[in-house]
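Working notes, structure below.
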Amino acid sequence: MAINLLSRKSKEPGERSTVSKSREKAQMPYKAADPIQLDSDDLVQHMQLGRYGIIAAHPDRWQNHPHIHEYLQKAHDAIDEEFSLVPGGCAAMPNTVNDSPGCPETDVDTRPFVLAR
């Protein structure tokens, strides 16, 4: 009698092999997002899309715009709301894979940076 260890054939006609079973993925119905109606004004488009950094970094691009000061203030407020300033200082980085008390460390100076909340 032959040994069928690696055979994919099932012993009974109605039985399925565990190797050939495929997972059925749960399909969520796709629903497209509502389309955004962008304004024709370039500055207003940047505000609608949340590109506050471009407005804050380059306000001179819109120096002749009648509402630049208002939008610049809104951009600064949005940046303050959505990001946090991490102060500069010093960080200790372990020199080993497993950090335990007494392991050698390297002190590294860090500069301040902005981190998303």
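- Counting only heavy atoms from C-beta outward, the side chains of Pro104 and Thr96 approach each other to under 4.5 Å.
- For the atom pair Tyr52 OH and His46 NE2, the distance stands at 12.5 Å (nearest 0.5 Å).
- In the hydrophobic clustering of this structure, Phe83 groups with Leu85; members are Ile, Leu, Val, Met, Phe, Trp, Tyr whose side-chain heavy atoms approach within less than 4.5 Å, directly or through other members.
- Residues Glu105 and Pro94 share a closest heavy-atom pair of CG-CA, 4.1 Å.
- In this structure, Leu72 CG and Glu70 CD are separated by 11.0 Å, a value rounded to the nearest 0.5 Å.
- When all heavy atoms of Thr110 and Cys90 are compared, the pair lying nearest together is OG1-N, 4.0 Å.
- For Ile36, the side-chain contact (heavy atoms from CB on, under 4.5 Å) partners two or more places apart in sequence, or in a different chain, are Leu38.
- Clustering ILVMFWY residues whenever any of their side-chain heavy atoms sit less than 4.5 angstrom apart, transitively, puts Ile79 in the very cluster that holds Ile55.
- Separating the NE2 atom in His69 from the NZ atom in Lys74 is a distance of 14.5 Å, to the nearest 0.5 Å.
- Counting non-hydrogen atoms of other residues, nucleotides and ligands closer than 6.0 Å to CZ of Arg61 gives a total above 12.
- Donor-acceptor pairing under 3.5 Å is lacking for the side chains of Asp41 and His67.
- Follow the hydrophobic side-chain contacts under 4.5 Å out from Leu49 and you never reach Leu43; the two are in separate clusters.
- Annotation: the span from Met47 atom CE to Ile54 atom CD1 amounts to 12.0 Å, rounded to 0.5 Å.
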